[in-house]
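First up is the structure itself, then whatever we jot down about it.
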Amino acid sequence: MTDHISFLFLGLGNGAVYAALGLALVMTFKSSGVVNFATGTVALYTAYTYALLRTGEFMVPIPGLPKTVDLGQPLGVGPAMAISLVVAAVLGVLCYALIFRPMRTAPVVAKAVASIGLMIVIQALIAQRVGTGLISVEPIFRLDSFAIGDRNVPTDRVWLAVAVVAIAIAALAIFRLTRFGVATEAAAESEKGAYLTGLSPDRIAFSNWALSSVVAGLSGILIAPLVALNPVAYSLFIVPALAATLVGNFSSIALTVAAGITIGALQAETTNLQSLYEWMPKSGTAEAVSLLLILGFLVLRGRPLPDRGSVVRKTLGRAPRPNNIAIPVLLSLGIVVVALLATAGSYRAAIISSIIFAVLGLSQVVITGYAGQISLAQLTLAGVAAYSVSVLNQHLGVPFPFAPILAALFATMVGVVVGLPALRVRGLPLTVVTLALAVFVEAFWFRNSDLNGGVDGSPVDTPRLFGIDLGIGAGESYPRIPFALLCLAVLTAVGLGVAWLRRSRLGTDMLAVRANERSAAAAGIDVSRTKLFAFAISAFIAGLCGALLGYQHSMATPEPFTVFLGISVFAIIYVAGITSITGAILAGIMAPGGVLYLLVDRFLGAGDYYAVTSGVLLIVTVMTNPDGIASKLPRLPWPAWNWKGRTEIPVTAAIAAPVPVSADPAAPAFAVSGISVDYGAVKAATDIGFEVYPGEIVGLIGPNGAGKTTVIDAVTGFAVATGSVRLAGESLDGQAPHRRSRSGLGRSFQDVELYDDLTVAENVRVGAARSHSELPIAQRVSRTLSVLGLEDLAEREAASLSQGQRQLVSMARVLAAEPKVALLDEPAAGLDNTESRWLGQKLRSVRDSGTAILLVDHDMELVLTICDRVIVLDLGRVIASGTPEEIRAHPDVRRAYLGMPTDAVESTPESRAAATAEQEASL
Ligand code: ATP
């Protein structure tokens with residue numbers, strides 16, 4: 001037992017660094033919304049500065065100037081630390097001023113990509129200035145030890161942990177007790193919040209960047225005597241630090257620091273267990289600690305669908321629909337073949353690398369560009385396939401082309417496992433999970449001598465088909481044309497497949513999930529399945545890329561698949577254009593070892609500064625094109641070439657009226673009983689019951705907070721509720737939202753959850769896709785658009801619509817599915833009186849076609865004029881129900897509506913008759 005405890009103490013040093021870096025990450029995230037991947041390298045830079053100062057030298061980071069300045073004599077611990085921390089603070093301020101301040105309004109991913117660029121620049125600068133050799137640093141804390149059982153534990157790591165906890169307590173005190181702290185918390189919510197405290201968000205961000213750099217730098221200095229300075233280890237500290245930050249939900253300092261220290265301690269204990277138990281894997285167990293912690297916390301805390309009101313941020317650009325691609329594909333193929341034939345040696349090798357990385361780009365387009373899941377594990381999945389090809393070749397004798405296909409299928413399985421957390425976790429936390437998985441797979445497999453072929457490596461056989469050698473060759477003939485053509489064939493097939501995917505229903509489902517998971521589920525899309533399909537397809541494509549990389553190197557080795565390379569490649573794909581096929585191909589050209597790389601290296605002669613320059617270019621490009629370069633390229637109007645799958649929606653071929661749905665008018669279309677919903681102590685709905693008959697519009701009204709939306713959420717499966725729901729006699733209890741939708745229960749959302757990246761027609765099409773109607777989808781889309789007067793907007797992007805138009809599109813999406821019952825949550829919000837009356841007529845004609853409607857709205861004139869019956873809620877209970885006349889006269893309703901405009905409730909028979917006559921006239 002004492003043995004285990006002593007190992008836990010040994011891990012305190014690393015744990016303290018994770019905690020400090022986690023603290024720095026929280027500070028920069030709170031003040032500027034940046035997940036700073038460069039935090040580990042800031043610690044590294046400060047530690048190098050300190051180490052050199054202790055030997056009497058100062059590192060000069062400016063290219064062109066001498067690498068170091070001799071100070072004449074070594075500095076003591078105090079002065080060296082003070083100067084290094086000032087340097088760290090200046091570095092933090094510069095990063096914010098030059099990069100992240102101009103990117104204030106950029107998407108979170110764009111900022112994260114810029115921080116990846118920063119990480120590359122700092123790492124490259126250090127390598128260029130002082131080399132990458134290990135540097136040892138003299139102890140800072142007094143060397144001493146204490147005994148736990150029969151083991152001696154050095155005291156330095158305990159002091160390090162104490163120091164970090166002290167810093168965390170100080171940070172907590174600053175955040176809780178000072179105006180600056182309160183302002184930072186307020187800035188995390190909104191810029192306006194910060195202004196209310198009297199401090200400018202800019203000053204808050206500058207101070208936080210300086211402070212977070214100092215915290216990161218200090219941890220770098222303090223760990224330097226314990227872990228010899230080296231660029232890779234320090235940069236990789238970011239992963240457990242991110243894990244700690246996730247446990248603290250990117251906001252809690254105390255939880256983050258506690259998690260960081262715990263991860264360090266547990267990692268040390270796993271190394272102990274490794275030596276005790278033979279069956280434990282040789283490597284990867286320490287990495288598994290962060291992974292399991294992240295998974296445990298996030299998956300337990302996560303939800304299958306985001307909560308109501310959770311912020312939906314548009315983080316990715318529009319994914320264009322590939323039209324008329326035959327001519328550009330043939331033209332590009334011609335150009336590439338000519339280029340391959342006309343080149344040799346390193347130029348041809350660069351073209352081949354570009355082709356292979358374009359395949360990886362396509363895999364990222366599917367998972368991120370289409371499905372909106374930011375995975376940093378794609379290159380790792382490629383590595384899985386490369387190693388699998390080797391195993392299939394060497395141990396099972398499986399030849400080409402079966403080996404690469406099976407390997408890609410194995411990568412697909414791993415990809416689905418990588419994607420499993422996405423069923424409960426989304427956004428930034430998911431990205432960190434994929435990163436932690438990538439780190440784990442690299443350590444557990446690629447760097448494990450039991451699995452990676454040891455010193456001999458993992459050879460990959462030359463691909464041969466019908467006796468034809470498709471290998472890359474060696475010596476004079478390297479790289480051979482047949483291999484280049486093999487890569488080109490794979491890229492073409494995958495590219496066409498991805499183009500088809502974008503045009504398919506699955507592709508539209510992915511874009512709907514990317515845009516808004518809640519309304520995707522309401523339209524009948526199985527969000528979990530769609531995400532898993534996206535992970536599977538993208539992993540298969542990444543697997544094909546990995547197999548090609550294996551053949552390219554004739555060997556599976558860890559280097560082409562490291563996590564850092566994976567992060568850099570992700571950044572390149574993002575900058576090139578992560579939402580389009582063109583972007584993926586551009587990413588191939590820009591990839592490491594690709595055509596651009598070679599040209600820059602040969603003609604611009606960046607030489608020593610290549611890595612620095614490419615990092616700077618990455619930052620500048622993402623700052624100037626946060627949506628990717630491909631989105632800025634002109635879209636050439638290629639003529640169509642008999643594309644069979646082309647299905648333009650014939651918006652003009654509109655049918656005037658909806659087709660009536662037959663139903664028994666005596667049986668309720670929709671019956672709800674005993675519905676209760678509690679949000680903690682708030683009883684949002686209590687024992688609600690009602691019925692809606694076919695051909696009926698039932699109003700559900702009540703003051704703000706009465707529980708109307710909660711009832712809709714409960715019956716559609718979006719809120720956890722008790723009670724029972726029957727649709728056309730069938731029980732929907734326990735079913736997921738998409739299943740209820742597919743059974744014929746349509747709903748719209750109060751906050752109009754449209755798919756902003758899709759056009760109006762595409763939005764409606766998503767709704768229409770799962771109807772049981774016999775009418776073709778395209779016709780239903782065009783008819784619904786026509787009924788709601790939206791034909792002219794069919795090709796407009798939803799994000800560009802006015803509030804009123806958005807309401808109508810949201811309704812169109814529900815109605816296009818021809819639901820048995822449509823639950824409409826405040827469809828008239830944002831409409832003026834005339835528009836609202838017009839909407840009333842449309843709802844009546846929908847009702848007349850047989851669709852029952854439950855209408856929630858605050859427009860009393862609308863509700864009381866068009867509804868057949870009205871149910872009134874107050875404080876989560878039904879307080880009245882009856883005809884509009886009965887409701888107007890009901891004393892409890894008058895009481896519940898006190899403080900609301902009562903003229904509608906009290907409108908006279910004359911005013912109602914006038915309203916009805918006006919509506920009928922305009923019909
Ligand atoms: P409005 O007309 O303003 O839309 P509503 O009648 O639709 O109001 P609900 O939004 O259903 O009312 O809210 C009912 C009650 O439940 C309110 O007190 C609200 O604050 C509470 N509530 C709703 N969602 C949640 C949640 N996720 N967590 C905690 N309380 C909630």
Supply the atom-to-atom distance [X] [atom1] to [Y] [atom2], rounded to the nearest 0.5 angstrom.
| X | Y | atom1 | atom2 | result |
| --- | --- | --- | --- | --- |
| S748 | L824 | OG | CG | 4.5 Å |
| L340 | I351 | CG | CD1 | 5.0 Å |
| S363 | L544 | OG | CG | 9.5 Å |
| S353 | R348 | OG | CZ | 13.0 Å |
| C487 | L548 | SG | CG | 4.5 Å |
| F37 | I116 | CZ | CD1 | 5.0 Å |

- Item | Derivation of the side-chain hydrogen bond (donor to acceptor under 3.5 Å, both in side chains) call for Q805 and S802 | CA-CA 5 Å; Q805 290 167 333; S802 70; 3.3 Å; yes
- Query: Taking only residues two or more places apart in sequence or in another chain, which ones pass side-chain hydrogen bond (donor to acceptor under 3.5 Å, both in side chains) with S504?
  - Reply: none
Among [options], exactly one meets side-chain contact (heavy atoms from CB on, under 4.5 Å) together with [X]. Which residue is that?
| X | options | answer |
| --- | --- | --- |
| L586 | I629, I572, I573 | I629 |
| V527 | L423, D509, V513 | V513 |
| I355 | L485, T492, V336, I585 | V336 |

Which atoms form the tightest heavy-atom contact between [X] and [Y], and what is the distance?
| X | Y | result |
| --- | --- | --- |
| A114 | I619 | O-CG1, 3.7 Å |
| A542 | L360 | CB-CD1, 4.1 Å |
| I525 | A512 | CD1-CB, 3.7 Å |
| V113 | A571 | CG1-CB, 3.9 Å |
| V814 | P819 | O-CD, 3.3 Å |
| V595 | S354 | N-OG, 3.0 Å |

Is any NZ, NE, NH1 or NH2 atom of the basic residue among [X] and [Y] found under 4.0 Å from an Asp or Glu carboxylate oxygen of the other?
| X | Y | result |
| --- | --- | --- |
| R783 | E791 | no |
| R806 | D756 | yes |
| R505 | E762 | no |

Would you mind reporting whether [Y] and [X] have side-chain heavy atoms less than 4.5 Å apart?
| X | Y | answer |
| --- | --- | --- |
| I578 | F570 | yes |
| I120 | I567 | no |
| Q378 | V418 | no |
| L785 | V809 | no |
| Y755 | R813 | yes |
| T508 | R765 | no |
| Q552 | F483 | yes |
| N516 | F749 | no |

Taking [Y]'s backbone N and O only, do any of them form a donor-acceptor pair with [X]'s side chain (distance below 3.5 Å, no angle check)?
| X | Y | result |
| --- | --- | --- |
| T530 | M510 | no |
| R742 | G524 | yes |
| R780 | A768 | yes |
| K111 | V34 | no |
| T621 | V575 | no |
| T368 | V365 | no |
| Y551 | G546 | no |
| T759 | A798 | no |
| R502 | G507 | no |
| S741 | P737 | no |

- Message: If you count heavy atoms of other groups shown closer than 6.0 angstrom to CZ of R739, is the number above 12?
- Response: no
- Task: Any chance you could lay out the side chain to side chain contact (heavy atoms under 4.5 Å, CB included) test for R518 and F718, step after step, and finish with the verdict?
- Result: CA-CA 8 Å; R518 281 166 61 82; F718 282 86; 3.8 Å; yes
- Task: Please assess L549 against C545 for the test side chain to side chain contact (heavy atoms under 4.5 Å, CB included), listing each intermediate value before the final yes or no.
- Result: CA-CA 6 Å; L549 281 169; C545 162; 4.0 Å; yes
- T716 versus R747, side-chain donor and acceptor atoms under 3.5 Å: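 Yes - a donor-acceptor pair under 3.5 Å links their side chains.
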- Query: Is the F410 to F540 ring centre distance short of 6.0 Å?
  - Reply: no
